Structure formats: C-alpha cells, structure tokens
Amino acid sequence: MAVSIAPKEATDLNAMEDEAFRTHVRTWIEANYPAELRNPPKRLHWEENKPWYFQLAEKGWLCPGWPRQFGGLGLSPAKQIIFTEEIERHGCARTNDHGIVMVGPLLINHGTDAQQQEFLPKILNGEHVWCQGYSEPNAGSDLAALRTEAVLDGDEYVVNGQKIWTTLASDANWCFLLVRTDKNAKKQEGISFLLVDMATPGITVKPIINLEYHDEFCEVFFDNVRVPAKNLVGTPNRGWDMAKALLSFERIYLGSPRLSAYAFTRLRQLAERMGVWEEATFQDTYGRLRLDLEDLKSLYGTFVDKLRRGETLGADVSMLKVFQTELFQRITDTMLEIAGENAGLLEPMEGNRNLNPTGQYIQARPATIYGGSNEIQRNILSKNVLGLPG
Amino acid sequence: MAVSIAPKEATDLNAMEDEAFRTHVRTWIEANYPAELRNPPKRLHWEENKPWYFQLAEKGWLCPGWPRQFGGLGLSPAKQIIFTEEIERHGCARTNDHGIVMVGPLLINHGTDAQQQEFLPKILNGEHVWCQGYSEPNAGSDLAALRTEAVLDGDEYVVNGQKIWTTLASDANWCFLLVRTDKNAKKQEGISFLLVDMATPGITVKPIINLEYHDEFCEVFFDNVRVPAKNLVGTPNRGWDMAKALLSFERIYLGSPRLSAYAFTRLRQLAERMGVWEEATFQDTYGRLRLDLEDLKSLYGTFVDKLRRGETLGADVSMLKVFQTELFQRITDTMLEIAGENAGLLEPMEGNRNLNPTGQYIQARPATIYGGSNEIQRNILSKNVLGLPG
Amino acid sequence: MSQALDDRSESIRMIRDSAGAVAPRGGDTKRVRAQRFVAPGFSREVFAEMASLGWIGLAVPEAAGGAGLGMSEAVALTEVLGAGLVPEPLIPAMLSARLLAASDDKALLDSGKVVLTAWQEKADSIAAPGTGDAPRVFIPYAGGADVFLLPVREGNRIALVSLDATGADVVLEKTMDGGFVGTLRADLSRASRIADDIGAVLEHALDEAALATAGQMLGLMEKAFELTLGYLKTRQQFGRIIGTFQSLQHRAADLKIHIALTRAAVETAAAVLDDGATGAVRQAAVSKAKHRATESGMFVLRQCIQLHGGIGYTDEYDVGLYLRRGMVIMNQYGSAALHRRRFMALAPEDVE
Amino acid sequence: MSQALDDRSESIRMIRDSAGAVAPRGGDTKRVRAQRFVAPGFSREVFAEMASLGWIGLAVPEAAGGAGLGMSEAVALTEVLGAGLVPEPLIPAMLSARLLAASDDKALLDSGKVVLTAWQEKADSIAAPGTGDAPRVFIPYAGGADVFLLPVREGNRIALVSLDATGADVVLEKTMDGGFVGTLRADLSRASRIADDIGAVLEHALDEAALATAGQMLGLMEKAFELTLGYLKTRQQFGRIIGTFQSLQHRAADLKIHIALTRAAVETAAAVLDDGATGAVRQAAVSKAKHRATESGMFVLRQCIQLHGGIGYTDEYDVGLYLRRGMVIMNQYGSAALHRRRFMALAPEDVE
C-alpha cells in the first residue's frame, strides 16, 4: 500500500484564484514572519530560524511542493511560483530547507515505503533538520571525484571520509550523503545515496569561518560511521543521477533575481546616504544595473513560465545563475566604490542594517562559486546548450 | 670581405643631444610630410605613399635602425625611439615598410654577402617594395601549420601553395616567404625562408575586400613558381626561428599607444560635434578611457626604457598588444555609441575626415586578430610569462 | 503576459513562416549582396511583396485597413527579416502605416507605394518636434520613397502632411551595409495636409518602430551567432577544432546569455504593448528592450567577428554583413544611452 | 624620469631588503592573524622598529630629521609591507612626519610616539577643510595613537595643533581586516598649536599618502596573485591541474596586465614626485596612480578569490586576507571616482 500522510492544511489552495491566493499567502506571512528577521545580513542558524520554521510546519505550509498525499501543500507549479515570490518579496530568511527541497522529493521519487513513512513526517514536523553531504576537499566543482566511501559490513555500511562546504551541518541532525560504494566502477558510477543520523558515533562537525567571519559552512568527518543499509536510497551505485536531478532545483533557485534585487534597493539607500544619488554619473551606473536587473527578471520569467506550464527546465537555466550572480557582484562592487572609507567597516554603517555595503559585498563573493562555479556553468552552456565539442 | 654600403646621411646623428635630435627630426618631417596624408583613415597604397617614401630614401632616413655599414642611419635604441615618436606624433602614414623592418634586419643577421649586396641597396633606394608571405588559409594563428611547399629542382625551388592576409601584396615587387621545404620534419622544423620576385611566372595576387570595403590585404597564389635556390635565407629548414624573431618587432609596434591615442583625440571631437562633450556621464566614460590610455603610456614607457637600455624584450610585451588593441576598440565602441545614426554612415561625417567614427570602428576590429590574435597573446602570457602548465 | 504570448503563438508561427518568402531560410545572402549601393538600396518588387503579405499594416487594426495583429507578431517578423539581412524599409513603412490609418488618406495605406515618414530633426532622437522648416534627417532609403509624410507642429498639436517624393530635395548618403539614408528639405507649399492632430499616434508609432528595430537586432544577433557557432564547430587550428578551446567556449556561453536576455526583453515588451499599455508603461517596456538590443546586440556582433578571426574581417564572408547592418540600426529610434535615460526618468511604479 | 629611477635603484633595493625585518619574506601571516581585533590592532613594538629603521620620516629631508629619501623608496616600502599585510599605521605616521617636519615640534618626529593626523571630516576625501569643531573621522588605528595632530582653519590659513591622545574622545569601529578606525571629537582647549600655516604641506602630504596607499595596494595585488598562481599550478579538478584550463589561464593573463599597469602608474608617479613636481602635475600623477591601484587592485583581488574557488572564501586560507585589506584601503585618501574626477578637472597641459 502506498504511503499516505495527512496534510495539515485542510484547504486545497490550488482552487483559489491566483490573486486571491497571493493575497492569502502575503497576509499570513506578514502576520507571522518575525520583523527583525527580514532580509537578514547572514544565513540564519537553526536557533534563530526555528520559530518561523515551526510556524510554517504548524500551518502545513512547510513543503508547498510536496503532493498532498505525502502531507505537502500540493501546490501547482503556478501556485508554487506565487508562494515563492511572496516569500522572497517579504525578505523571509532561507530556512534550513534541505529536508524540504532535497530529501523530501528524493524520497517521494525514489524512497521505499518504509523510508517515506519514517522520514517524511519528521521533515514535515521539523523534527529532522537535514544537511547535504556532497562536496569534498578534492571534489568540489568535480563532484563526481568524491572519495568518501561506504563499505557494506553485514546490514550496515561503514563510512569513512570527509565532506566540506556542508551548509549548516552544525544545525542538522540528519545528513544525506553521497558516498562511493564501488571503487572499481567508472567515476560517476559506483556512487550511492545514504541517509545518516548525525548522532552516529564517528561523525565530527567542524565549522569553517568564512570571509564574513561567519560559520555557515562546515567540514564533516566520518570515521568508521556505521549506517544501516536500509538507509540507502534507490539503487546502490546509482546515486549520481538522483543527485544531479536534485541540483536542477538549485540552478533555478540560484538564478532567481531576489539577491540582486535586494542588493539593488540597498544600493540606492547607500547612494542617498553618501550623497551621490543625484549625480549623473551615479545615475548612469545605477541605470545600467537596473536595466540588467529588469532584463534578468524578464529572462527569469521565461523560465518560470516553463515551470508554470509544467515543463522541465533544460541546461540553459545555467544562464540565469551566471548572469544573476555576476550582477549581484557588480551591484555590491558599486556599493564599495561609493562607500568611501565605509568600504572597510566590519559592521553595518551607523548600526543601520540597511547600510551594510561590506556585508553585501562579501556575501556576493561565493555566489559565483557555489552551486557549480560559474566556470562550470559556462562549460555546461557551451557543451550541453550550444553543442560545442569536448 | 664584409659588405659595406655608404649611408646617404653623412652626419652621425647619435652624437646629437636628445632634444636637439628630436627638434631636428620634427622640423624635417613637418617640412616634408604631405599635409593631406596625416593620419590617413586607411592604410595607404604605394601610389599614395611613395613620394614620402622616396623623400625618406633620398634623405637617408628610410632605415633608421640599420647599421651605417649597411647604409642605414645607425641610430642608437634611444634615438630610434625618439625618431619613431616623432613619426607617430606627426601622424605619418605607415609606409610599405616590410623591407625596412623585416627583410633588412633578416639579411643583415642571416643573409649571405651576395644577398646583402643584391637586396639591401634596393630597399634603401625604394626599388624593391616587399610584402610578407606568412599566413595561410589554415595557418593563421597556428602559423607553423603552413603548407605552401618549395621543392628543390636543380638550382631552383618550385613553390606551390597559397598565402593569405598578405598586406599590400598588390603593391609589392618582392615577397619574403615562409615555405615548407621538408614535409617529413616536425611542424616547426622543415620551414625555410625564401625571397621571391613577384614578377615570377605562376604568382597570382588577389586582393581581399575587407569590412572597410578596402583592399589592404591580399591572397597570393603560387603555381609552380620557380625561385633561385640562392634566394633561400639562412639554413634550409631552419626558417621558423628567424621568422619568430622578426615578429618580436611587431609585438611592441602593435602595443604602441599611437592608435588609441589618435582615436582618443577623435572621440573628443566627435563628442563635441554630437553635443555630449559636457555631459557628466560622457565625461566619466571619457575619463576612464583617458586614464586607461595614460596608464598604457606608462606601461609602454617601461618597455621603451628597456629598449633604450639595449635590453631585449621578453614575452611580457604581449601585455601591451592585448591592452592597447582592446582599448582602441573600446574607444571606437564609444564613438558609435554617441554618434547617433552617424554610426551607420560609410563615409566620414560632413566630409570631415576627423569625424569618422565608423572608419575608426571598423579599423579597430582586426587589431585584436592580426599580429597574433589576443587569444594567442593571452596563451603566451599565461604560459611563457606566468608559467602556467599545458 | 505569458498567457497572452501563448494565445498568440499560432499567429507568431504563421508570420515567421511567411517571412521565408522574403528571407530565404538557408540564409542565402546573394540578393542582399547584389543590392548593396545600388540605388535605392532595396528591391521595389520585394517591398511590394511585403505589402501584399499584409506586413506594412501588420499592427494596424483591421477596421483601419490593417492586418490587426500586434507587436508580438511584428517583432517575430522583424527578427526573421533581420536574420535574413533584408534591406527593404519595412519598419519605416510600418511607422507610416500607423500614421496613415489615423489620417484622412487611408487610401495611401493600400496603394503599394513606398511611404516614408520624415520625422527626425537630429541624430539620436525618438521625438518629433515637427519644426516646419527643419531639414528631416536620417530617412532610411529615402531615395526609394514615393511619398514622404511630415509631422508639422501647429501650436500644441502636430499635423501631418504628405508630399510627393518626385522632385523633392533629397540628399543621400551611403550606409555601412550598402544602403542609403537621406536628408529631406521639404517644400511644404507642395504638401497636402492629411491629419490635424497626429502627435500621440506618432509617439506610439515611434515606440513601435524602436521595438521592431530591437527585434531586428535580435535577428542579427541570432543569425551571426549561428554562423559563429558553425565556424567554431568546424574550423581547425593547432590540430584542434577551435570550439574545443575553453576561452572561446566561455565567450560563446556569454553571447548566448546576451541573446537570451535580448529575446526576453523584446518579447516581454511586445506582450506589454499588445496588452494595450500606454504612456510611461509603454515607454518603459520599449526603452528596456531597445537598450538591451543595442548594448547586447553590438557586443554579440563584435565578438562574432573576433571569434571568426581574420576571415571575419573580410567582405566575402557573411558574418561581417551582420556587424555592418548592426552599426546602421543600433541607434535608429534612439541609442542605448537615450533609452537608458528615458527609462530612468520614468517613475518606478510605471516601470515595474 | 626612468633615468632617475635607475639612479635610485640601489636605495630602492635597500629599502625592499630592510622591509623584510617587518614583513617576513615567506609571507608568514601568523603575527598578522594574531593581531586581528586585538586593540589597538597593531604592535607597538613593530611600529617602534619601523621608526628606528627610519621609515616614518623616510621622505622627510635629512635637514629636518628625516631619511631624505623619496617617494620611489616610499612606494617600494609600502608595496612590500602591503604584500606582508603589515597592519602598523606607517602611511598615517609618514603623513604626520611631513607635518611635524614643518612644525615647531620637530622633537615629536623622533620621539617614537604614534602620531596620527586627524584631518578627515567626511568619507571619500583628500581635502582637509580644517573645521575646528568637526569630528575627525576614519582615523586608522586611532586607538593606538599617542598624539593626534589636527589641522584647524584660521581664515585663509590652516594651523596645526597637537593633542595628547590620553583622555581624548575617540570612538572606534572594527574594520574588515581586523583593524580599527576611529572618530575623534577633539577638545581643542587641550591642544597645543605647533604650526601656523600648514595648508600646502598638508596637501602635499595627503598626495604622498594617496600614492603610498597605491603602492600598498600594488603589494596586495602582487602577493594575492602569487598565491593564486601557486594554487592554479597545484590544485587538481577533473583529473587536471586547474591551471591548464584555458579560461583560467586567460583570466590570469588579464590579472597580470592589470598588475603591470598598476606598477607602471605607481612607479611613474613616484618618479614624477621625486622630480619635484608640484601643483597640478603632482596631483595628476598621484590621481592617476591611485585611480589605477583602486580599480585594478579590487579587480585583481576579487578574481583571486574566484580563482581559488570555495577555499578562497574561508578565513583560514590567506588569499581572503588580501581582499579584506583591499576593502579597507581602497578608498583611503580618495576613491577611484574621486581621483578620476580630480584628474579630469586638471588642464591637459599639466597632465601630460
């Protein structure tokens, strides 16, 4: 028998008119989202995030894309887009969402009934907070070169190795992990998907201090970590294709104009504060950035339209990630250029979180690196979209 | 006995003080250079150029870098730089100078006495006008892939093949040619240097119309062209190193700020004519370009200083070519941007040769391609200067 | 917006197909090359064919004698014609058709005559002051006109007069692409008044022409890039297909992004206009599209030359034709700077 | 100019060598890291060593108690110290030394005290209005000052007063690189006047400080690029040394060009100042160098992070230290925009 999890939200929101739905979502967000957490300057930790997370869970809105059969909101693509737009418009912090956007869809598509029954409810109620164990010190852009290995020993896998750039691993109690289960297979083959309880003995999490002096990313070390074999998702040695499919979510997410759009509003505030807003040369720079942003929105819109029509996105979605992240950087470059000596301050200017050129600037740096560096994205575009040879 | 050719210029100009020498050169140029040929919009043909060419020859100033023993001016590096600066400052057209800057030095360094005695005087008196047969349809950036072959038959080489991008071949009566004389050798080996009379039967010159609707470049076809074996320069199959050495002249020449500097003065005139000169945004764009130009001049100066000290230039001279040619393009891009519908006119605006945005723009296009494309220059920089692998 | 686009997809497809009649699919440039610098710079036969296909009055309502289609179809058409390097002055003729539909001389719309509007008084402009005695400049293919329309200011209104081109004082200049532009010094005493108050219609028509030109630039970019990709996939240097060089691959990826941005901006703007937008909303959409098409268009065309190397600099090879056409149209109906300024001068609430 | 540089090559070499005492050759960043966010943000011992090496008064004439060297030596020194990420406020101290040499309190020059000049009244400035009661802002490492110098306007002249830092109202803010800047609200009633007319000297000193900062940026660029080249030559991805990827090779070539342009601009400017240039000629040379150092410097530092990939974003790896220091100094003594405007406002004949 197929798994069935009762959704918390009793209403089928797909039945609402788009604009009514938008208002409904907006109203609820405005009433419930903590004001002091709007547009946070850094990625929030679980401790800061969880009141909002549990509020979403309580409302039944935590997993808007999951089918209602699995306890999700079951929104249509078009409605999901509106939902996301409203979340972004309000400046809600990104939550610890790996369970929601990665593990959930993974298990819904590839999990056993038992896995679905065990894990999905605990994502929905916030009991399990997930992190993603993909990158390794020598397998960053070249993810398929990963070497963390899992060897079957009885009904357990024994995991040894190291992951890096694991976002908010220190907040997570579960980890979905790419491991090598066949060392003799070709690179992309022999990789499997494991679900690992972070409390298992042998796991060490070490935060990485980044250029923001913040600890969003971690290293995670695995030393003879024993994982039940039933926690392998899908077919052994066939984890790579599942992992790649999950990354397609990330590419459209990273191509969303929201980061650039937010930085852009702050650029104006900074320009006004620095007294350059009225200058013709600044206006010209600002106009160029603004038109880039508006055209990015138009291009993004064409991809969103595809989602709305239920189409899958092709490799050309990489265009968004490249242009968005580089625009984000150019906007924040401009911030430093006009900030005078404030370009060197550690904290927001005058205690005003909206005047934080250095924070924005530093935040923009890794955008062109993570989620597949822009060099990788351009490789994808040239080979998979333009058909240029090897 | 070594060759000795009496120089026309009786005075040893090296003995003059630098500033006196500069004035001397400048005065003579101003008195003798045809006013209507200053800063010509296109490369001049021999018919237009030759009065000035013969004037230089008559004065004995045609070959400032050649030793006095070979009939040159014998200028020191420092004096040569001043000489070139004055030529460029006045906007003298580039002459059909391949004999002067390429064949002369080649023969002086590698020619036999007989070759020197036969060819050098005829360069000095303007009887021989040379063109350079290097590039081929499938050997452009990859020059060493050339396939035009010369097979020894008795005391003659029989040449078959095709050259392309031969500058002003239709004006030349002699050609120095890179040919393959050993088909079995490795790519760079088996290449020789031949001197070919363009009147030899079997040679066909076909001008290439370029984007300016001008015929500066030609294709040259060789069909069983018989060249005396004594016209081979240096050691057979060892022409590649000589050819490369001659190209080093070109790299500093192509890095000279003169094209950018000239275009830059015209940008200002155009801006004034279009009524945007006073605009703050234009001033900002202009200021950026101007500072780029000034910094290019500073960098160029450091290389010229090396020449002045008699040092040889390293591969890092490619930096000049890259930055200069791309600056030249950015300046002319800006011209089109402010020119309104004049950006589409074939001829200079209002019959004023100084208002010729489209001519300048089109002229700037091949600058990043010829003389080793900027892609090739960046390869050279990364490998030979920065030591990056492979 | 995108729903509207979906609804129109059939008429857009039909327009694209029909464009093949004039812009050969294979991209044959023989006719285009033969036409260069041969007065009037275009073929009257091909122009007549365009008229008979209903393209001149494409966006004019059916009630006023047009085809009743919209800007989504218009930019699809100018894109295909741009890719085909078609020289015939369709966009100027469409502009005139808009004016004629609002005039007393609707018959002229269907006459098959080449009607060009001499609206422009200075370079880089999208406004028609209507100064009566000002020379009208940069009229595309003015040598081929049968009739000129002239906006003429009368107090607060702009009237429209028509003038037989025969005997008119027109001075022609050659353009980079083998065409001509003309300056008209009109003898208004010979003109006939055909509308009293054409100002708003003209503003609308100029916006449409700017957007159609952006569509044309999109066609140039697409086709030049297609040629370039083909070249990258076949040309060998250093014993390798040059398309395997990563620096060229990444540049090609950047060009693709700029083309995609341009298409999104142009098609979005067309949808906005087809939704009936007026005033600042219309201006914002048009300026955004024309700005992008000019900036990204010239970037792409420049780089296509560079990626071709030496051969790209020859007249013989087609890619240069696209650059030269780009130079001619880049600032028609306003440069990137003009449209950037216009966009920035609009209130944010109108723009978003 | 280049002759002058040749003549000075020996003293420049000596200065570079001696800098090794403070900026370890191997580029060890342990001391620098340990100093971060530890008040006052620098080591008084190292500062004292700099003083004893004669660096504070490097460009002050020997007759006035300085080392009698010039800006060519100064930029060579700040370049090496920049490459070593040395936090001690040498450039501000050199600026103060210039003023002290022209004051009645020359003894302070040799006192070994940390003397900082509180000249700045607003962000992004290179002019000292000398408003008596204005808070003085962005004083580097103000928490470590023993004495503040303040320019104070009196009619057409600018006087100089000194103020014991003990008990002064200084508010500190942390900077990205682990240092501090301070705002001083001075109680002028506690100050002593030490010069009556310091305006021209201060302008000169500010130009020198801007140029020395350009030299410091050059050092940051050079060292960050060196680290990056090393990384490109050793790091493997996709089974290859990443330095074999052409797109990264070409980017590295571009960075090299920007570094070379910066060096040329900085060293040329230093030679111009050492030739005794004044007024507009001096300003043009300095603005050209500071503009280039800021624009190209931040470009290079940004790209060095990118070329490192993820590891470049960690605090643990050194390359990020250079970016953060670059953020702190990029706009000190004037942003790129300020210097571009200043350069453009000068008459061309003064500039060339």
Side-chain angles (χ1 to χ4, degrees), chain B residues 18 78 81 255 257 261 264-265 268 280 282-309 314-327 373-390, chain D residues 1-3 5-6 225-226 228-230 232-234 240-269 271-272 284-285 287-296 336-337 339-346 348 351-352:
Chain B
D18 279 2
I81 288 159
F264 193 67
T265 63
R268 175 174 181 152
F282 180 77
Q283 282 288 315
D284 192 59
T285 302
Y286 185 82
R288 287 174 194 270
L289 294 172
R290 181 164 168 203
L291 281 157
D292 280 345
L293 176 59
E294 294 298 329
D295 291 337
L296 170 65
K297 287 181 185 170
S298 294
L299 183 59
Y300 183 73
T302 67
F303 284 94
V304 168
D305 283 346
K306 282 187 196 169
L307 289 179
R308 190 176 281 130
R309 291 192 297 264
D316 58 346
V317 72
S318 286
M319 297 193 294
L320 292 175
K321 200 257 176 180
V322 170
F323 195 74
Q324 193 286 124
T325 54
E326 293 175 7
L327 175 58
S373 73
N374 285 20
E375 288 80 11
I376 299 291
Q377 304 295 339
R378 285 187 168 91
N379 285 347
I380 291 172
L381 286 170
S382 75
K383 283 167 192 145
N384 300 356
V385 177
L386 302 177
L388 287 171
Chain D
M1 185 157 66
S2 60
Q3 193 52 48
L5 211 61
D6 289 349
F225 186 59
E226 183 191 315
T228 304
L229 271 185
L232 291 176
K233 287 175 185 176
T234 52
R240 288 166 58 180
I241 299 283
I242 62 171
T244 62
F245 285 103
Q246 196 190 32
S247 71
L248 307 190
Q249 293 179 338
H250 283 198
R251 207 162 331 144
D254 284 333
L255 302 188
K256 175 67 185 171
I257 292 173
H258 277 271
I259 293 169
L261 286 169
T262 306
R263 179 174 297 286
V266 167
E267 294 184 349
T268 304
V272 168
S287 282
K288 175 170 167 293
K290 182 64 165 62
H291 174 269
R292 171 62 52 196
T294 302
E295 292 277 283
S296 293
H339 284 288
R340 191 161 58 240
R341 273 198 305 272
R342 192 171 84 148
F343 184 87
M344 286 299 288
L346 301 170
V351 171
E352 269 145 41

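Side chains are part of it too, since the values below use all heavy atoms of this structure and drop only hydrogens, waters and symmetry mates. No experiment lies behind these values; they were computed from the predicted model shown. Order of the sequence lines sets the chain letters (A, B, ...), proteins ahead of strands, with each chain counted from 1.
Here the closest heavy-atom approach between residue D:His339 and residue D:Ser287 is recorded as ND1-OG, 2.9 Å.
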request  = Check the pair B:Lys306 / B:Thr302 against side-chain hydrogen bond (donor to acceptor under 3.5 Å, both in side chains), numbers first and verdict last.
outcome  = CA-CA 7 Å; B:Lys306 282 187 196 169; B:Thr302 67; over 6 Å; no

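Between atom NZ of residue D:Lys288 and atom OG of residue B:Ser298 there is a gap of 2.5 Å, rounded to the nearest 0.5 Å. Taking OG1 of D:Thr244 as the start and NZ of B:Lys383 as the end, the distance is 9.0 Å to the nearest 0.5 Å.
Annotation: side chain of D:Phe225 is in contact with side chain of D:Ile259 (closest heavy-atom distance under 4.5 Å).
Ranked by heavy-atom pairs under 4.5 Å with chain D, the list B:Leu381, B:Leu299, B:Leu291 is led by B:Leu291. Contact count versus chain D (heavy atoms, under 4.5 Å) is highest, among B:Leu296, B:Asp292, B:Leu320, for B:Asp292. Your options are D:Met344, D:His250, D:Arg341, D:Arg240, and the one with the most heavy-atom pairs under 4.5 Å with chain B is D:His250. Put simply, of D:Leu248, D:Thr262, D:Leu229, D:Ile257, the one with the most heavy-atom pairs under 4.5 Å next to chain B is D:Ile257. The choice from D:Glu295, D:His258, D:His291 that makes the most heavy-atom pairs within less than 4.5 Å of chain B is D:His291.
With a threshold of 4.5 angstrom between heavy atoms, B:Asp316 does not approach chain D through any atom at all. For B:Gln283, the parts lying near chain D are the backbone and the side chain together; criterion is any non-hydrogen pair under 4.5 Å.
Every residue meeting the side-chain hydrogen bond (donor to acceptor under 3.5 Å, both in side chains) condition with B:Glu326, not counting sequence neighbours, appears here in chain and number order: B:Asn374, B:Arg378.
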